Amino acid sequence: MSDSSEGMDIPSPDGAVNTIDTPYTVGEDNVQGKLGPLSFDIHNPVFLISSLMTVAFVLVTLIFQDQAGAVFNWLFTFVTTTFDWLFLSAANVFVLFCIFIALTPMGKVRLGGKEATPDYTYLSWFAMLFAAGMGIGLMFFGVLEPVYHMQVSQPLGLEGPFGEDGTLNQDQVANARAHGLAATIFHFGLHPWAAYTVVALSLALFTYNKQLPLSLRSAFYTILGDRVWGWPGHIIDIIAVFATLFGLTTSLGLGAQQATAGMNYVFGVPNTINTQIIVIACVTGIALISVIRGIDGGVKLLSNINMGFAALLLLFVFIAGPTLTILKDIGIGLVTYARDVIPLSNPIGRDDDSFRQSWTSFYWAWWISWSPFVGMFIARVSRGRTVREFITCVMLIPTLLAVVWMGVFGGTAINQVVTMTDESGVYQNVIGSYNDAIAMFAMFGDMPLTAITSTLGIILVLVFFITSSDSGSLVIDTITAGGKTEAPTSQRVFWATTEGIVAIVLLLGGGLTALQAMVNATGIIFTVVLLFLCYATYKGLRTEPR
């Protein structure tokens, strides 16, 4: 393949020819000022169909709550047990595709053209990646999941260290600990970030280099041609809207449950569905302010606050916890993850159905559903990076942060569980006796300054919550506005409000299972879209000068 491939001329929706020689600024066709703050920029069926279908879903779920709950239960089980092989296989394809692109001459392509420079410093860029990518997931599962896999659901068919009578087998502790950490890192490591990278790379390439609208349909021009401006493109964008919507509402629901559980644990606030609804409503209101302020005035600021709070909490647990053990856990977790990543990725011939289907399938569906949101957000803040730099940073930096996070939080929790056995070796479960939403606060309960750390934990969950809501609203708004990054404010307000309402409706219609069921349903559809997206992106990169 030559390093001097010819540029790619791609007609835009209005018939003009865009080339890499014509500078283009995303959002330069901003119509906000022309239309006014209370107007909508409805220029294609995507907004209308997406909004009407969302309203219909909300009404049906509210009217038929009992029936909806039963449907959600069936849907979650059906998708995770039937399509687990597809989720695992597709995730492997995304990782291999990203590695291939980074190692070939295509990695030299600069997003935005040869003269483009990054819009954000590395620190701000990493902060936004961390906050948008999986912040709530780390907070919700970072304590409970390593403990759970260590003691109950060992991956790859391995045995846990506790017998049925609760006695502890010391010889199995080290092995179970290592695999519990590695299994959790697996769910937050290379595979989810590869899915994000595929979407982000395609959007950045076709927007900044091919001068097409910042919309998922643009990436399929290399396959569909001018049909992307018609119904095939509309369908792609509508699928992306619903994948993003339900991926986000799952995160919002988890965040609301954890924040409410924390407030109950620390301050005695009633842990009820009504409290969760109030939390979602309040956070949605704050997110609206951030949405109106935009990326620089809202999302960037909150992401930096997130990074500061997360680093502070991480440092405290590292110092106040078993520091030497944590350092060892970080190393052991990384090494075991590197060793186990291939067998954990294997979609066939496994003896750990519970782990593979209930955990990995759900995670892959969740991250894939989140990929339009995270991918578009990453694309918007990554102009000026080379493809190789982009793939390396987006995949490796968050993975290493996940290794450290799980080593600190998961390692500390595992240490508490293992050491809190009585002299006869009978297991006294301190972390596991709590539900998943309270596990982090239960861990803080065995450490100094419990009230302070728990309060900081609640604040961090809420800020992650807000960051996901506002950045997700900006992304859905961009998709439904046909790629405009500065659509009317009223549209951003509409989608931010809609996300909160859908999260509340799903909690009322079935709780966590309903959230997981909808993210699985949209995830399976969008998985197929992403597989075709890999091919479309490859075709687009081949035509770029390097």
Side-chain angles (χ1 to χ4, degrees), residues 87-88 91-92 94-95 98 126-150 153 155 177-198 200 247 250-251 254-255 258 306-307 310-311 313-314 317 326 329-342 344-345 355-356 358-371 373-375 378 393-414 436 439-440 460-461 464 467-468 516 519 523:
F87 284 128
L88 269 70
N92 294 337
F94 303 149
V95 173
C98 291
F126 292 157
M128 286 188 280
L129 294 180
F130 178 75
M134 50 185 59
I136 288 179
L138 289 174
M139 296 295 293
F140 195 88
F141 293 106
V143 169
L144 180 76
E145 189 178 348
V147 173
Y148 185 84
H149 294 325
M150 183 272 295
S153 177
R177 185 188 203 111
H179 288 284
L181 289 168
T184 310
I185 294 169
F186 172 66
H187 291 149
F188 289 83
L190 293 175
H191 285 75
W193 284 98
Y196 297 162
T197 302
V198 168
T250 297
S251 300
L254 293 177
Q258 188 173 29
N306 259 349
M307 182 66 85
L313 197 60
L314 190 76
V317 176
I326 288 173
D329 282 336
I330 293 173
I332 290 174
L334 179 60
V335 171
T336 309
Y337 168 61
R339 187 182 64 199
D340 285 358
V341 67
I342 293 179
L344 287 172
S345 304
F355 172 81
R356 188 181 71 258
S358 299
W359 287 91
T360 304
S361 289
F362 162 67
Y363 267 122
W364 283 188
W366 186 14
W367 301 142
I368 289 171
S369 292
W370 243 28
S371 64
F373 149 51
V374 180
I378 293 174
C393 291
V394 173
M395 287 184 64
L396 290 184
I397 299 300
T399 297
L400 293 176
L401 285 173
V403 171
V404 174
W405 189 276
M406 296 309 168
V408 174
F409 280 77
T412 299
I414 290 175
D436 45 13
M440 182 179 69
L460 187 56
V461 170
F464 272 128
T467 305
S468 297
Q516 293 175 322
V519 81

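None of the values given here were measured: they were computed from a predicted structure. Residue numbers run from 1 in the order of the sequence given.
- Separation of atoms CG (Leu460) and CG (Leu314) is listed at 10.5 Å; rounding is to 0.5 Å.
- Phe186 contributes atom CZ, which lies 11.5 Å from atom OG1 of Thr399 (distance to the nearest 0.5 angstrom).
- The aromatic rings of Trp359 and His149 stand perpendicular to each other, their planes meeting at an angle above 60°, with 30° marking the opposite boundary.
- Of the possible donor and acceptor atoms, none in the side chain of Trp364 sits under 3.5 Å from a partner among the backbone N and O of Leu88.
- Side-chain atoms of Ser369 come within 3.5 Å of backbone N or O of Gly523 as a donor-acceptor pair.
- If you look at Phe94 and His191, their ring centroids are not closer than 6.0 Å.
- Between the side chain of Gln258 and the backbone N or O of Val461, no donor-acceptor pair lies under 3.5 Å.
- Applying the ring-ring contact (aromatic ring centres under 6.0 Å, His included) test to Tyr363 and every residue at least two apart in sequence or in another chain returns Phe141, His187, Phe188, Trp367.
- Using a 4.5 Å cut-off on side-chain heavy atoms (C-beta onward), Val317 and Phe409 make contact.
- The shortest side-chain heavy-atom distance between Trp405 and Leu400 does not fall under the 4.5 Å cut-off.
- Once rounded to the nearest 0.5 Å, the distance linking CG of Leu344 with CD1 of Ile185 reads 11.0 Å.
- Here Ser358 pairs with Ser354 under the side-chain contact (heavy atoms from CB on, under 4.5 Å) rule; sequence neighbours left out.
- The two residues Ala413 and Val147 have their closest heavy-atom pair at CB-CG2, 3.6 Å.
- Here Thr184 pairs with nothing under the side-chain hydrogen bond (donor to acceptor under 3.5 Å, both in side chains) rule; sequence neighbours left out.
- Atom CG of Leu181 is separated from atom CG of Asp329 by 5.0 Å, given to the nearest 0.5 angstrom.
- Atoms CG and CE, on Leu138 and Met440 in that order, are 11.0 Å from each other to the nearest 0.5 Å.
- Without hydrogens or angle criteria, Asp340 side chain to His179 main chain gives no donor-acceptor distance under 3.5 Å.
- From Tyr196, atom OH reaches atom CD1 of Ile368 across 10.0 Å, with rounding to the nearest 0.5 Å.
- Side-chain contact between Ile332 and Tyr337 is absent, with no heavy atoms from C-beta onward closer than 4.5 Å.
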Chi angles and distances behind the side-chain contact (heavy atoms from CB on, under 4.5 Å) call for Phe87, Thr360: CA-CA 8 Å; Phe87 284 128; Thr360 304; over 6 Å; no
